[in-house]
K.L.:
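I have a structure here, written as structure tokens, and I will follow up with some questions on it.
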Amino acid sequence: MTPSLGDTADNTVSAAATGGGAMPPVTVTSRVTVVGSGNWGSVAAKLIASNTLKLDSFHDEVRMWVFEETLPTGEKLSEVINRANENVKYLPGIKLGKNVVADPDLESAVRDANMLVFVTPHQFMEGICKRLAGKIRDDAEAISLIKGMEVKREGPCMISSLITELLGINCCVLMGANIANEIAVEKFSEATVGYRRSRETAAKWVQLFNHPYFMVSAVEDVEGVELCGTLKNVVALAAGFVDGLEMGNNTKAAIMRIGLREMKAFSKLLFPSVKDSTFFESCGVADLITTCLGGRNRKCAEAFARNGGKRSLDELEAEMLQGQKLQGVSTAKEVYEVLNHRGWLELFPLFKTVHEICIGRLPPTAVVEYSEHTPNYSLVEGSAQYF
Ligand SMILES: NC(=O)c1ccc[n+]([C@@H]2O[C@H](COP(=O)([O-])OP(=O)(O)OC[C@H]3O[C@@H](n4cnc5c(N)ncnc54)[C@H](O)[C@@H]3O)[C@@H](O)[C@H]2O)c1
């Protein structure tokens with residue numbers, strides 16, 4: 001870390017320093033494309049577009065790839081976005097900025113960009129990357145705002161790694177206590193960029209996203225930041241079950257604490273390089289809190305528990321979210337597969353139980369049955385240090 005990038009005592013690159021005059025001179029004008037246009041994708045495009053207008057180092061126009069849909073009016077979503085400057089389906093009532101251009105053609109949307117912001121539900125990313133392979137600029141850099149992971153036979157694959165593997169480019173991540181609808185109306189929040197090695201690249205992403213109402217800092221810990229953002233959705237489901245069962249605040253706090261402990265242990269068992277300090281950034285404890293208080297995973301899990309588990313989470317997702325995607329249920333399944341494959345199930349009673357509740361194997365009340373499930377650390381040598 002060099003002081004010119006605004007290192008703070010806790011080893012982060014601060015937004016205030018990168019947003020001011022301390023940035024290294026950037027000679028090339030960067031072009032940004034946002035791949036994804038759901039709720040968070042649209043808010044990210046708005047945030048970025050207000051900055052590209054102000055910063056000389058970025059081209060004004062921000063392309064946004066839209067997974068094309070036909071609206072009930074018969075119009076195409078991308079055409080309506082370009083006419084009304086508003087994503088009427090996923091972010092109604094918010095102007096995106098005139099310099100946001102919706103493009104339903106994936107290849108044309110990325111063709112000129114050297115800064116690619118990926119923000120789609122995680123289950124679509126493998127297909128998107130395969131379509132983009134060989135079609136992007138040689139000097140492209142990526143950042144992923146996506147929460148989730150892919151589980152393959154050889155083991156778990158974080159979305160940033162998937163992007164790097166399939167597209168051959170460096171990929172940072174941005175995660176945080178960021179419920180999109182609140183940022184859309186410019187309520188103050190913070191976020192964390194996770195980067196690998198290049199501080200200059202991290203500083204550029206911080207500069208692109210940072211705003212007086214959206215304070216961004218960076219830490220050199222891609223896996224830690226990304227796993228925080230991914231795993232908290234599983235804990236949010238548990239918090240929703242607690243809400244649906246009307247168990248109260250003490251129980252919810254206990255679930256959040258146990259969840260944070262499992263998040264940290266799981267991350268460090270998978271990637272020993274993950275830093276403890278990352279869990280105290282916005283991507284860690286702050287995102288966990290906001291997701292367990294608000295957020296769509298908590299909301300659907302609450303409805304699931306109120307119905308005694310009789311209506312499936314798929315059904316509730318379709319009814320309550322209207323096209324938006326619930327990431328926690330698939331992440332809980334993916335985490336379970338990793339735990340099962342590695343023989344770690346007994347170490348992670350909360351993660352294990354959440355998945356078993358989601359698939360109907362256990363009732364929602366099982367979320368607080370812990371006394372018989374004390375983790376047996378001797379199952380995995382050296383694991384006790386991570387809990
Ligand atoms: N919404 C939030 O508050 C929030 C905050 C932080 C992070 N995130 C993360 O951002 C990512 C994107 O979420 P979002 O809220 O922008 O989306 P969303 O759930 O609001 O919308 C779903 C999106 O998926 C698209 N889609 C549907 N089928 C598709 C397909 N076959 N291929 C490609 N795209 C398809 C839809 O057009 C839509 O743009 C997720 O990983 C989510 O966890 C969301």
Side-chain angles (χ1 to χ4, degrees), residues 34-48 64-71 76-78 80-81 87-92 94 96 102-106 109-110 117-132 143-150 158-160 162-163 173-185 187 189-194 209 214 216 225-237 282-283 286-288 290-300 317-318 320-332 334:
V34 177
V35 178
S37 55
N39 191 227
W40 185 215
S42 302
V43 175
K46 170 184 185 276
L47 196 62
I48 291 168
M64 179 172 78
W65 173 64
V66 174
F67 177 76
E68 193 65 288
E69 296 178 51
T70 304
L71 299 172
K76 298 282 184 211
L77 178 59
S78 63
V80 177
I81 294 175
N87 187 338
V88 292
K89 174 151 185 193
Y90 293 101
L91 190 64
I94 303 289
L96 299 177
D103 189 342
D105 180 335
L106 183 60
V110 300
V117 178
F118 288 98
V119 53
T120 70
H122 75 283
Q123 57 269 39
F124 305 129
M125 272 308 291
E126 186 162 5
I128 289 172
C129 286
K130 285 184 174 159
R131 284 174 63 193
L132 287 180
I143 194 163
S144 169
L145 278 52
I146 299 165
K147 295 175 172 175
M149 60 169 88
E150 291 273 316
M158 302 311 296
I159 300 299
S160 64
L162 186 82
I163 293 169
V173 295
L174 180 142
M175 309 275 146
N178 301 147
I179 291 181
N181 287 332
E182 297 177 17
I183 299 164
V185 291
K187 291 183 178 167
S189 66
E190 296 180 306
T192 315
V193 164
F209 280 93
F214 192 70
V216 186
V225 173
E226 193 168 8
L227 276 161
C228 278
T230 297
L231 297 172
K232 56 95 202 198
N233 281 335
V234 181
V235 187
L237 291 172
S282 176
C283 63
D287 195 10
L288 179 70
T290 198
T291 314
C292 289
L293 299 182
R296 54 179 91 152
N297 290 284
R298 190 217 63 81
K299 186 169 135 183
C300 290
E317 176 189 32
M320 297 173 74
L321 301 183
Q322 289 165 5
Q324 295 191 336
K325 298 288 174 206
L326 205 55
Q327 303 280 273
V329 178
S330 50
T331 304
E334 288 149 1

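Worth saying up front: this structure is predicted, and the values here are computed from it rather than measured. Just the heavy atoms: all of them, side chains too, but no hydrogens, waters or symmetry mates, feed the values below. Numbering of ligands and ligand atoms starts at 1, following listing order.
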K.L.:
Any nitrogen or oxygen of Asn233, main chain or side chain, under 3.5 Å from a nitrogen or oxygen of ligand 1?
P.N.:
no
K.L.:
For atom 24 (O) of ligand 1, which of the options Ala45, Gly38, Pro121 provides the nearest non-hydrogen atom?
P.N.:
Pro121
K.L.:
Would His122 count as a polar contact of ligand 1, with the cut-off being nitrogen or oxygen pairs under 3.5 Å?
P.N.:
no
K.L.:
Go through ligand 1 atom by atom and flag the ones less than 4.0 Å from a non-hydrogen atom of Glu69.
P.N.:
36 (C), 37 (O)
K.L.:
Provide, to 0.1 Å, the distance between atom 11 (C) of ligand 1 and the closest protein heavy atom, together with that atom's residue and name.
P.N.:
Thr120 O, 3.6 Å
K.L.:
For Glu126, enumerate each residue passing the salt bridge (Lys or Arg N to Asp or Glu O under 4.0 Å) test, keeping only those at least two apart in sequence or located in another chain.
P.N.:
Lys130, Lys152
K.L.:
Side-chain contact test, heavy atoms from C-beta onward, threshold under 4.5 Å: evaluate it for Leu132 versus Ile128 and give yes or no.
P.N.:
yes
K.L.:
Hey, could you give me the CG/OG1 distance between Asn178 and Thr290, rounded to the nearest 0.5 Å?
P.N.:
8.5 Å
K.L.:
Measure the distance from atom 36 (C) of ligand 1 to every protein heavy atom, then report the residue, atom name and distance (to 0.1 Å) of the closest one.
P.N.:
Tyr90 OH, 3.4 Å
K.L.:
May I ask you to identify the nearest protein heavy atom to atom 20 (O) of ligand 1, giving residue, atom name and distance to one decimal place in Å?
P.N.:
Asn39 N, 2.9 Å
K.L.:
What heavy-atom pair brings Ser282 and Glu190 nearest, and what distance separates the two atoms?
P.N.:
OG-O, 2.9 Å
K.L.:
For atom 28 (N) of ligand 1, which of Phe118, Phe67, Trp40 has the closest heavy atom?
P.N.:
Phe67
K.L.:
Answer yes or no for Gly229: is there a heavy-atom contact with ligand 1 below 4.0 Å?
P.N.:
no
K.L.:
Less than 3.5 Å between some nitrogen or oxygen of Ile179 and one of ligand 1, yes or no?
P.N.:
no
K.L.:
How far apart are the closest heavy atoms of Ile159 and Gly148, and which atoms are they?
P.N.:
CG1-O, 3.3 Å
K.L.:
Give the residue, atom name and distance (to 0.1 Å) of the protein heavy atom nearest atom 5 (C) of ligand 1.
P.N.:
Asn178 O, 3.0 Å
K.L.:
Does any N or O atom in Ala180 lie less than 3.5 angstrom from one in ligand 1, N or O only?
P.N.:
yes
K.L.:
With heavy-atom distances below 4.5 Å as the criterion, would you say the side chains of Glu150 and Glu334 are in contact?
P.N.:
no
K.L.:
What atoms of ligand 1 come closer than 4.0 angstrom to any heavy atom of Gly323?
P.N.:
22 (C)
K.L.:
Do Gln327 and ligand 1 have an N or O pair less than 3.5 Å apart?
P.N.:
yes
K.L.:
Quick check: Ile128 and ligand 1, any N/O pair under 3.5 Å apart?
P.N.:
no
K.L.:
Considering heavy atoms of the protein only, find what lies nearest to atom 9 (C) of ligand 1 and give residue, atom and distance to 0.1 Å.
P.N.:
Leu145 O, 3.7 Å
K.L.:
Report the C-alpha distance between Val193 and Val225 in whole Å, list the side-chain angles of each, state the deciding distance to 0.1 Å, and finish with yes or no for side-chain contact (heavy atoms from CB on, under 4.5 Å).
P.N.:
CA-CA 7 Å; Val193 164; Val225 173; over 6 Å; no
K.L.:
Flag the pair Trp40 / Leu145 as yes when at least one side-chain heavy-atom distance between them is below 4.5 Å, and no otherwise.
P.N.:
yes
K.L.:
Taking Gln327 as the fixed residue, which of His122, Lys147, Arg296 is the one that meets the side-chain hydrogen bond (donor to acceptor under 3.5 Å, both in side chains) rule?
P.N.:
His122
K.L.:
For ligand 1, which atoms have a heavy atom of Ser37 less than 4.0 angstrom away?
P.N.:
39 (O)
K.L.:
Quick check: do Met175 and Lys232 have side-chain heavy atoms less than 4.5 Å from each other?
P.N.:
no
K.L.:
Nearest 0.5 Å please: distance from the CD1 atom of Ile163 over to the CD1 atom of Ile146.
P.N.:
5.0 Å
K.L.:
Take every heavy atom of Arg296, measure it against each atom of ligand 1, and state whether any distance is under 4.0 Å.
P.N.:
yes
K.L.:
Please confirm whether Gly36 approaches ligand 1 to less than 4.0 Å, judged on its heavy atoms.
P.N.:
no
K.L.:
Which word best sums up how the rings of Phe209 and Phe214 line up, parallel for under 30°, tilted for 30 to 60°, or perpendicular for over 60°?
P.N.:
tilted
K.L.:
Would you check the N or O atoms of Trp65, main chain and side chain alike, for any that come under 3.5 Å of an N or O of ligand 1?
P.N.:
no
K.L.:
Just so I know, are the side chains of Asn87 and Asn39 near enough to count as touching, which here means a heavy-atom distance under 4.5 Å?
P.N.:
no
K.L.:
Could you tell me if any non-hydrogen atom of Gly148 lies under 4.0 Å from any atom of ligand 1?
P.N.:
no
K.L.:
List ligand 1 atoms under 4.0 Å from Gly41, heavy atoms only on the residue side.
P.N.:
16 (O)
